[in-house]
Each structure stands twice: as C-alpha cells, then as structure tokens.
Protein chains: 2
Amino acid sequence: MSDAATLVRAIDAAGHRVTEPRRRVADLIAGRDGHFTAADLVEDARGRRLGLGRATIFRALDLFAELGVVERVDLPTGDHAYVGCEPIRHHHHVICTVCGRSTDVEDCGMREVVDEVARRTGYRVDAHRLELFGTCPECRG
Amino acid sequence: MSDAATLVRAIDAAGHRVTEPRRRVADLIAGRDGHFTAADLVEDARGRRLGLGRATIFRALDLFAELGVVERVDLPTGDHAYVGCEPIRHHHHVICTVCGRSTDVEDCGMREVVDEVARRTGYRVDAHRLELFGTCPECRG
DNA sequence: TTTACTGCAAACATTTTGCAGATGT
DNA sequence: ACATCTGCAAAATGTTTGCAGTAAA
C-alpha cells in the first residue's frame with residue numbers, strides 16, 4: 001500500500017527520470033487496494049484513457065520492483081501479481097484471499113526455520129520466499 | 001525425485017487411466033535431476049522422438065501436480081517449474097541454485113512462524129508457501 | 001463398448017523487443 | 001543537447017482449448 005508520492009520519490013532518489021507515464025503508473029498503483037497484475041493496470045489505464053502503452057506499464061513495474069517499492073508475488077493460482085510495499089530490507093506478505101489486500105511482515109522467526117532446514121539438509125540456504133495467505137481482520141468481520 | 005513407478009502408481013490409485021503417453025511423461029520426469037519446466041519436458045520428448053504432444057505434457061503435469069507427486073514451484077526468476085516429490089502431506093522444498101536439485105523438508109518450525117504472523121497481523125492464516133534456495137552439500141563440496 | 005485420453009493446430013494470454021520519435025534534465 | 005524514456009506493433013513465450021480419432025478398462 002504505497003502512495004504515489006513514495007513511488008515517485010523512489011524513482012527520483014535512484015536517479016531515474018520522473019516522467020509523466022511513470023507518475024501515472026504510480027497513481028494507478030496507489031489507487032489499487034490489494035494485489036494487482038500487470039493486466040489490471042493495463043485495463044485501469046485504458047479505462048481512464050491515460051494513453052499508457054502496455055510496454056510502459058511492464059517497464060514501470062519492473063522498475064518499481066527493482067527499487068523495492070512494489071514486490072512481485074505468486075498467488076496460489078500461479079498468477080504473477082504485485083503488491084505495493086515499504087522498501088524495508090527483508091519482509092514477507094500476508095495476503096488476504098478475500099479482498100486481496102496485503103500486509104507486510106518483518107522478521108517473524110524465519111531465522112530459526114532457515115537454520116533448522118540448513119542443519120537438517122546440509123544445504124547452505126541463501127534465500128527464501130515466504131508468502132502467507134489467509135483472511136484479514138476486516139474480511140472476517 | 002520421484003521414480004517413474006511411483007508416478008504411474010499414483011495415476012492408477014486415483015482411478016485415472018494408465019496410458020502410454022502418461023507413462024512416457026513419468027519416465028521423462030524420473031529421468032530429470034532437479035527442477036524442470038514444462039518446456040524442458042517438451043524438449044526432452046522431442047529429442048527422444050516420443051511423439052508426445054505439448055498439450056499432453058501440460059495435462060500430465062497438471063494431473064501429477066493434482067496427485068501431489070510433483071509440485072509446482074516458482075523460481076526466484078519468476079519461472080514456473082516443477083519438482084518431483086513424495087506425496088506427503090505438507091512440506092517445502094529447498095532448491096539448489098547450482099544444480100537445480102531439490103530436497104523435501106517436512107515440518108521445520110513453520111508452525112510457530114505462522115502463529116506469530118497471525119498474532120501480529122490479526123489475519124487468520126490458512127495457507128503459506130515457502131521455498132528455500134541455496135547450495136546443496138554436493139555442490140559445495 | 002464406452003468414455004477417458006491424445007495429438008494437432010489454433011486460440012489465447014503474458015511478457016519482451018526493435019525502433020522512430022517524444023521528453024526529462 | 002542528449003540520453004533516457006515512450007508508444008506502437010510485432011515477436012517471443014507460455015498455456016489452454018476444440019475436436020476428431022485412439023486406446024484403456
């Protein structure tokens with residue numbers, strides 16, 4: 001759940017050009033609630049007649065992902081989606097399967113799990129990906 | 001790391017038809033070391049002139065995944081891949097980023113992590129996906 | 001013999017790329 | 001001014017589907 005200003009600021013801070021199309025993609029992302037796919041943004045853009053090309057949207061998403069202000073997640077369906085998030089170092093997402101909203105979760109004991117897996121399998125574990133799915137407080141009523 | 005017989009047995013046990021094309025896909029999977037994509041199998045099949053259609057391979061993979069004898073994983077690159085695995089209830093995979101092999105890991109303390117996330121966010125956590133990446137003992141040797 | 005399964009080709013979906021022109025800085 | 005960025009359309013990928021024919025049970 002990033003606001004447009006944060007997204008734009010990240011572009012600027014990284015030395016990339018703050019262009020009108022990128023601002024517009026930032027607006028689209030900020031206007032989204034929960035996870036979204038590239039196709040969602042393409043559709044939004046067409047609906048609002050923003051004149052954004054498909055490629056531009058994909059490129060902007062890549063950029064935002066690279067800057068860590070959005071993150072790519074894989075839904076249980078196998079679809080690739082994105083969620084806006086704070087550019088904090090390492091964190092995971094809990095995604096509501098009802099409304100699609102996501103919440104960032106920082107360190108939550110994964111350290112021990114990783115150590116345990118390494119100990120048990122003999123692997124050196126360099127990275128992990130954890131995605132959690134469930135129902136958020138609002139959707140449970 | 002499933003052998004062909006296990007895969008075929010799973011088809012039979014679930015009441016599906018044990019067909020020649022499915023046997024062949026099972027052989028291809030058994031002959032694989034580490035994770036593989038649908039495209040890998042399509043290429044293998046063509047190389048060995050097995051006369052398997054693309055669609056058949058996709059359908060067989062779906063079936064095997066449904067039976068739990070292979071599992072779909074999302075690589076850090078975003079590619080969809082599959083790994084053979086024992087049809088045990090809930091487990092995760094540690095994937096070697098050097099050779100691609102994977103090892104199943106059963107319960108490794110995720111229970112506590114899930115509880116912690118639920119406590120902190122207020123979500124009811126129903127499912128999670130954990131994939132670990134690193135280097136296996138052989139590849140470090 | 002019945003119905004599930006297969007191969008093919010075409011449809012569909014998703015993401016990438018080449019390039020001429022527009023535009024931030 | 002000049003390199004970066006954009007839009008377009010085409011290409012490259014990845015996956016699904018309809019259907020007539022084939023084969024497992």
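A search for salt bridge (charged side-chain N to carboxylate O under 4.0 Å, His left out) contacts involving B:Asp40 returns nothing, not counting sequence neighbours.
B:Arg119 has a carboxylate O that lies under 4.0 Å from a charged side-chain N of B:Glu116, or vice versa, which qualifies the two as a salt bridge. Ionic pairing of B:Asp44 and B:Arg32 is present here: one or more N-O contacts between side-chain nitrogen and carboxylate oxygen are shorter than 4.0 angstrom.
Here C:dT16 is the nucleotide among C:dT3, C:dT16, D:dA3 with the atom lying nearest to any side-chain atom of A:Asp62. Candidate nucleotides D:dT4, D:dA25, D:dT6 were compared by shortest atom distance to the side chain of A:Thr19, and D:dT6 ranks first.
With rounding to whole Å, B:Asp12 atom CG is found 12 Å from C:dC5 atom P. Rounded to whole Å, atom P of C:dG7 lies 14 Å from atom CG of B:Leu41. One can place CZ of B:Arg23 at 20 Å from P of C:dA4, the figure rounded to the nearest angstrom. Straight-line distance from the CG atom of A:Leu63 to the C1' atom of C:dT15: 17 Å, rounded to whole Å.
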Polar atom pairs between nucleotides 7-15 of chain D and protein, under 3.5 Å, N or O only, would you list them?
residue: D:dG7; atom: OP1; partner: A:Gly51; partner atom: O; Å: 2.9
residue: D:dG7; atom: OP2; partner: A:Gly53; partner atom: N; Å: 3.3
residue: D:dG7; atom: OP2; partner: A:Thr56; partner atom: OG1; Å: 2.1
residue: D:dG7; atom: N7; partner: A:Arg59; partner atom: NH2; Å: 2.9
residue: D:dG7; atom: O6; partner: A:Arg59; partner atom: NH2; Å: 3.2
residue: D:dT15; atom: OP1; partner: B:His80; partner atom: ND1; Å: 3.3

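Across B:Thr135, B:Thr103, B:Ile95, a single residue satisfies side chain to side chain contact (heavy atoms under 4.5 Å, CB included) together with A:Tyr123, and that is B:Thr103.
Clustering ILVMFWY residues whenever any of their side-chain heavy atoms sit less than 4.5 angstrom apart, transitively, puts A:Val73 in a cluster other than the one holding A:Phe36.
Contact annotation: A:Arg22 side-chain N/O to D:dT6 OP1/OP2 distance is under 4.0 Å. Between C:dA4 and B:His16, no contact under 4.0 Å exists linking OP1 or OP2 to a side-chain N or O.
With a 6.0 Å radius and a threshold of 12 heavy atoms from other residues, nucleotides or ligands, A:Glu20 has its CD atom above the threshold.
Contact annotation: side chain of A:Arg17 to base of D:dT4, donor-acceptor pair present below 3.5 Å.
The residue among A:Glu20 and B:Glu20 whose nearest nucleotide of DNA chain C lies closer to the 5′ end is B:Glu20.
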